[in-house]
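Scroll down for the structure; my scribbles are underneath it.
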Amino acid sequence: MSHTGEPRPMSAVPGATLNGSAEIPGDKSVSHRSLIFGAMAVGETKVTGLLEGADVLDTAKAMRALGAEVIRHGQGEWSIHGVGVGGFSEPADVIDCGNSGTGVRLLMGTVATHGFATTFTGDASLRSRPMGRVTDPLALFGAVAHGRSGGRLPLTLVGAANPAPVRYKVPVPSAQVKSAVLLAGLNAPGDTIVEEIEATRDHTERMLRGFGAQVETDGLVITLKGQPELKPQVIAVPRDPSSAAFPVCAALICEGSDVLVPGIGLNPTRAGLYTTLREMGADLTFENAREEGGEPVADLRARFGPLKGIEVPPERAASMIDEYPILSVVAALAEGVTVMHGVKELRVKESDRIDAMARGLEACGVRVEETEDSFTVHGMGGKVPGGATVGTRLDHRIAMSFFCLGMATQKPVRIDDATVVETSFPNFLPLMEKLGASFRRHND
């Protein structure tokens with residue numbers, strides 16, 4: 001069932017050839033952080049290119065509930081009048097984060113060092129996800145969490161009135177946990193120190209520096225000096241590389257396709273997919289490399305061509321954790337076997353993404369194998385039967401991955417609910433149709 005209303009089943013029609021330019025929406029990670037840091041600055045932050053998917057809009061509502069003035073001026077154009085570090089006020093109602101694990105975990109960090117209570121909830125998918133990995137380190141600051149069994153939502157977080165800075169080693173590679181601790185550290189005196197076991201996406205550190213915070217990175221150790229005065233910024237949000245992955249990968253597997261994706265963010269902590277695709281033999285070229293809003297960007301061209309299976313090393317997982325579902329689709333259409341190592345984090349995303357992709361690919365005739373921390377796909381050299389109905393499990397990336405698969409299978413692939421893509425990529429279907437894809441609606 002959809003989290004946005006009645007489910008809307010749809011099928012991707014096989015035989016697509018994709019051509020043209022794909023205008024990808026703004027980066028979801030940067031969009032969330034633009035709103036949160038803007039709300040913690042003193043003065044007016046202006047943002048262009050903000051992703052207006054449901055996840056980010058829920059974060060905008062949360063910032064208003066905490067006392068910031070957040071105004072939409074036009075498509076992707078927003079302003080945030082911040083209240084300063086430590087200036088948030090207790091919300092009058094429950095904060096609903098919808099489907100967004102990023103949103104809720106960043107927000108928990110934001111309020112953990114404010115001396116009031118905040119209650120969080122979300123849709124059925126988010127309410128099933130573990131929050132202990134965030135509430136445990138926030139407890140070191142003095143915050144107290146009261147949630148359902150397993151630390152699940154709905155959950156009330158009572159912030160620390162007199163927080164102490166912490167030093168925390170993140171036990172799993174997680175930009176969400178790292179960012180939650182750094183956000184909490186903003187309103188604590190002294191130095192908050194986060195140690196990673198491997199590098200994860202660094203949007204939080206980059207943006208904090210842009211807003212004027214003192215953040216030092218020494219290898220895998222990040223040190224934040226607490227209680228800064230954040231200065232308002234003008235932010236141009238780069239286009240989301242995780243969303244770009246879908247038209248890019250669809251072009252690689254649909255015969256005759258040639259797609260340009262302009263202005264894609266190529267932060268090195270996010271670019272693992274493109275390294276992997278090139279190792280598989282993908283025809284990818286980067287043009288017009290430049291920097292926008294403190295992030296490296298380029299125009300990316302993807303063309304159809306032969307692909308081969310490879311082994312994806314575990315150390316690459318953090319830089320492409322959201323892209324494994326669509327990578328497994330590419331792997332299904334490649335020649336040979338693709339083995340993805342170090343992917344256990346996929347099991348605690350919006351769904352258990354390893355299980356969701358495995359069951360869907362099997363239903364479409366693809367042989368797969370899985371362990372707790374690996375996923376193996378036996379490629380069929382462009383000849384995937386299809387003809388199945390797959391469950392999205394309220395997960396936008398599962399839905400979009402199987403839409404892309406259905407463009408290249410022998411029989412249509414039916415997705416049980418198309419509405420879930422609206423959480424991160426609200427114009428996915430019309431964008432793909434403009435490139436040449438076809439979709440069929442179902443009434444049942």
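Side chains included, hydrogens not; waters and symmetry mates left out as well; all remaining heavy atoms used. This chain uses plain numbering: 1 for the first residue, then up along the sequence. Since this is a predicted model, take the numbers as computed values, not measurements.
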Would you check if there is a donor-acceptor pair between the side chains of [Y] and [X] at a distance under 3.5 Å?
X	Y	value
R209	T217	yes
D123	N99	yes
D373	T371	no
T392	D416	yes

Donor-acceptor pair, distance only, cut-off 3.5 Å: does the side chain of [X] make one with the backbone of [Y]?
X	Y	result
E422	G53	no
E69	G82	no
T156	T118	no
D352	D355	yes
D202	E205	no
N288	D299	no
R33	S29	yes

For a quick test of reading the model, state the closest non-hydrogen atom pair linking [X] to [Y] and the distance between them.
X	Y	answer
F88	M63	CZ-SD, 4.2 Å
M340	S328	CE-CB, 4.1 Å
V390	G360	CG1-CA, 3.7 Å

Atom pair [atom1]/[atom2] of [X] and [Y] - distance to nearest 0.5 Å:
X	Y	atom1	atom2	result
L126	L394	CG	CG	10.5 Å
C97	L107	SG	CG	5.0 Å
L18	L252	CG	CG	10.0 Å
N427	M432	CG	CE	11.0 Å
T269	E198	OG1	CD	12.0 Å

Between H32 and T102, is the side-chain hydrogen bond (donor to acceptor under 3.5 Å, both in side chains) condition met? List the steps. CA-CA 8 Å; H32 279 300; T102 299; 5.0 Å; no
Can you check salt bridge (charged side-chain N to carboxylate O under 4.0 Å, His left out) on R72 and E77, steps first, answer last? CA-CA 6 Å; R72 182 182 187 271; E77 295 186 12; over 6 Å; no
Residues that F428 engages under ring-ring contact (aromatic ring centres under 6.0 Å, His included), provided they are two or more places apart: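 Expected list: F425.
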Output all residues satisfying ring-ring contact (aromatic ring centres under 6.0 Å, His included) with F116, sequence neighbours left out; order by chain, then residue number. H114
A quick test of your reading: do over 12 heavy atoms of other residues, nucleotides or ligands sit less than 6.0 Å from CG of D218?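 Open.
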Heavy atoms from other residues, nucleotides or ligands near CD of E229 exceed 12 (cutoff 6.0 Å): no
Consider side-chain hydrogen bond (donor to acceptor under 3.5 Å, both in side chains). Of D322, D240, T200, which one does R270 pass it with?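 Of the listed options, the one satisfying the test is D240.
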Are the aromatic ring centres of F375 and Y324 under 6.0 angstrom apart?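 No - the distance between ring centres of F375 and Y324 does not fall below the 6.0 Å cut-off.
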Answer yes or no: is there a side-chain heavy-atom contact under 4.5 Å between S31 and K28?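 No, side chains not in contact.
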